[in-house]
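Data first, discussion second: the structure below is written as structure tokens.
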Amino acid sequence: MSPVRVRFAPSPTGFFHIGSARTALFNWLYARHTGGTFVLRIEDTDKERNSDEFLQVIYDSLRWLGLNWDEGPLVGGGFGPYRQSERADIYRAYLDKLSDAGRTYEREGATFFRISGKPQIIDDAIRGRVERTEEKDFVIIRSDGNPVFHFVNVVDDIAMKITHVIRGEDHLSNTSKHTELFQAFGAPMPVYAHIPLILKQHGPGKMSKRDQGALIEEYQRRGFQPEALVNFLCLLGWSPKNDQEKMPIEEIIRLFDLPAVHQGNARFDEKKMAHMNMAYLHAMTPDQYYAVAAKYLGGTGFLALHRPEEEYLRSVLALCQVKVRSLEELPAAIGYFFTEDFPYDAKSAEKIRSKGDPCARLQEFLDALTSADFSSDASLETWLQGLAASKGMSTSDYIHPGRFAFSGGSAGPTFYGVLRVIGPERAGRRIRRFLGIMGPSLSAQ
RNA sequence: GUCCCCAUCGUCUAGCCCGGUUAGGACACCACCCUUUCACGGUGAGAACCGGGGUUCGAAUCCCCGUGGGGACGCCA
């Protein structure tokens, strides 16, 4: 059997859709699984709707997802050019073959293809036998001289020696047009594999451009991990059948195969996507996490605003990695580490007040602070236990007001971790701020 | 309307091809544990074979018919 050649053939007419991403992914996986070639071809025959800006979106999205192409724009290959707008000569030559065989005619300035009208039967690698009969001749060259999708798609698949056409089910009904053309050219038919569609998570129909989570650039912007998105996407319509979900890409490549792809459509689920993303974030080493988190924070303007020292930022991120579910939550979750002007949460304040005398505890805490050992969370814990014991209090009598004074809220990483990272200077300053603001209002009641 | 495809927990799915399972896993939800908090993590609970006919000793699994869902019917791709 000849080596596998698959292609992803997007049209630069819009943003990069999650369904397109999965089609690209399945093609890429099949190429990598079989040791074949993954071709990128740009179907830009519709001049009205194409733009270089969209072209760039395709390149960026594929690269971000890690779906490198072996042949195509920017990388070249033996079957170029890889943009249909540059292949007019090839289409002319193939059109002549059809015309010479008497399979074309003109009407109203457009060139029509004369179908055979015979039942078209394909043995789809995913669907099995599918039969459909094409009933009408169809346009292959528009009256403005530009070739139509069905024509260029088939011509290029022939010219580029594509062996497997892996595409969305929305093309299944078009396939009879395509097989008619393959036969008219006397070309061998590729193996077809029609993958299920991704349905929108709420409401009827397939996922459309306007749906939440439909665009790859959205995930990019929101700081999702591309590996997590790829992992999630391959589980939409395919399964390794062994209950594995989070898998390294090498494992996915090893296990992926066409017959295991489902026939039914799959509904998108942002919660499961978010969970996968979290799993990848939590599995990172502190260095890896720092790299992606710092990059994300840079993009949001957080870094420009607070200008943190690298070592301090590193400590904060190491402390918060397991506490935060996505990079998006980061700015809100770690803001108080970098400013003295963080707000006090009213509800948390109420809770603190109701539980005891936070000002008295924090005054004691402040007085004892110079004797605290900041070398580790454990040494701080020992120190606080000593303080609590000497005052006849429990550590939580200090922890809750302390957390509030340090962060303005009641949730966050371990208290001793926060104390260690912010250090004695900030800790003292924040307690004095708390006493200054909250002391008078408390005694007034 | 015509044609094509599909059908297991709310969702993603395993099991189906080669009939015999307490129908398994994950997300979500709920409870408990862990914990100074919030998460994470752990344990547990609830939750499905679309309906009807066949075939068979026996059907989620094979066949047919309904129903439901999806897609295609452009001088878009």
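Per chain, numbering begins at 1; letters A, B, ... match sequence-line order.
- Comparing A:Ile141 and A:Ala260 by the nucleotide of RNA chain B that holds the closest heavy atom to each, the one mapping nearer the 5' end is A:Ala260.
- Residue A:Asn174 places its side chain closer to B:rA77 than to any other of B:rG71, B:rA77, B:rG41.
- Side-chain proximity of A:Asp269 to B:rU11, B:rU36, B:rC76: nearest is B:rU11.
- Nearest to the side chain of A:His400, among B:rA77, B:rU37, B:rU36, sits B:rU36.
- Distances shown here put a side-chain N or O of A:Lys241 below 4.0 Å from the OP1 or OP2 atom of B:rA14.
- Between A:Asp124 and A:Arg129 there is no salt bridge, since none of the side-chain N atoms of the basic residue sits less than 4.0 Å from a carboxylate O of the acidic one.
- What separates CE of A:Met247 from C1' of B:rU13 is a distance of 12 Å, to the nearest Å.
- Aromatic pair A:Phe337/A:Phe342: ring centres not closer than 6.0 Å.
- Regarding contacts with the backbone of B:rG69, every side-chain N or O of A:Arg267 stays at 4.0 angstrom or more from both OP1 and OP2.
- Taking only side-chain atoms of A:His150, from C-beta outward, the nucleotide of B:rG71, B:rG24, B:rA77 with the closest atom is B:rA77.
- For B:rG74 and B:rG69, the C1' atoms lie 25 Å apart once the distance is rounded to whole Å.
- Between A:Arg41 and A:Glu43 there is a salt bridge, with a side-chain nitrogen of the basic residue lying less than 4.0 Å from a carboxylate oxygen of the acidic one.
- For A:Lys272, taking side-chain heavy atoms from C-beta onward, the closest of the listed nucleotides B:rA77, B:rG25, B:rA39 is B:rG25.
- At a threshold of 4.0 angstrom between heavy atoms, the contacts of A:Ser410 include nucleobase atoms, whether or not backbone atoms are also involved.
- The backbone N or O of A:Lys118 lies less than 3.5 Å from a partner atom in the side chain of A:Gln120, making a donor-acceptor pair.
- Between A:Arg222 and A:Glu218 a salt bridge is recorded (basic side-chain N to carboxylate O distance below 4.0 Å).
- Looking at the side chain of A:Leu172, the nearest of the listed nucleotides B:rG41, B:rC5, B:rC40 is B:rC5.
- Residue A:Gly168 is out of contact with every strand shown, counting any heavy-atom pair closer than 4.0 Å.
- Nearest to the side chain of A:Glu245, among B:rA28, B:rG15, B:rA26, sits B:rA26.
- A close approach under 4.0 Å does occur between a side-chain nitrogen or oxygen of A:Arg325 and OP1 or OP2 of B:rC40.
- With hydrogens and angles ignored, no donor-acceptor pair under 3.5 angstrom links the side chain of A:Ser173 to the base of B:rC3.
- Of the candidates B:rC75, B:rG70, B:rU13, B:rU13 carries the atom nearest the A:His262 side chain, counting heavy atoms from C-beta on.
- In this entry B:rC50 has B:rG66 as its Watson-Crick or G-U wobble partner, both defining distances falling under 3.5 Å.
- Residue-level contact check: A:Thr414 touches the bases, meaning some heavy atom is under 4.0 Å from a base atom.
- Among the nucleotides B:rG15, B:rC6, B:rC27, the one closest to any side-chain atom of A:Arg127 is B:rC6.
- Across B:rC38, B:rC12, B:rG74, the shortest atom-to-atom separation from the side chain of A:Lys136 is found for B:rG74.
- Side chains of A:His164 and A:Arg5: no donor on one and acceptor on the other come within 3.5 Å.
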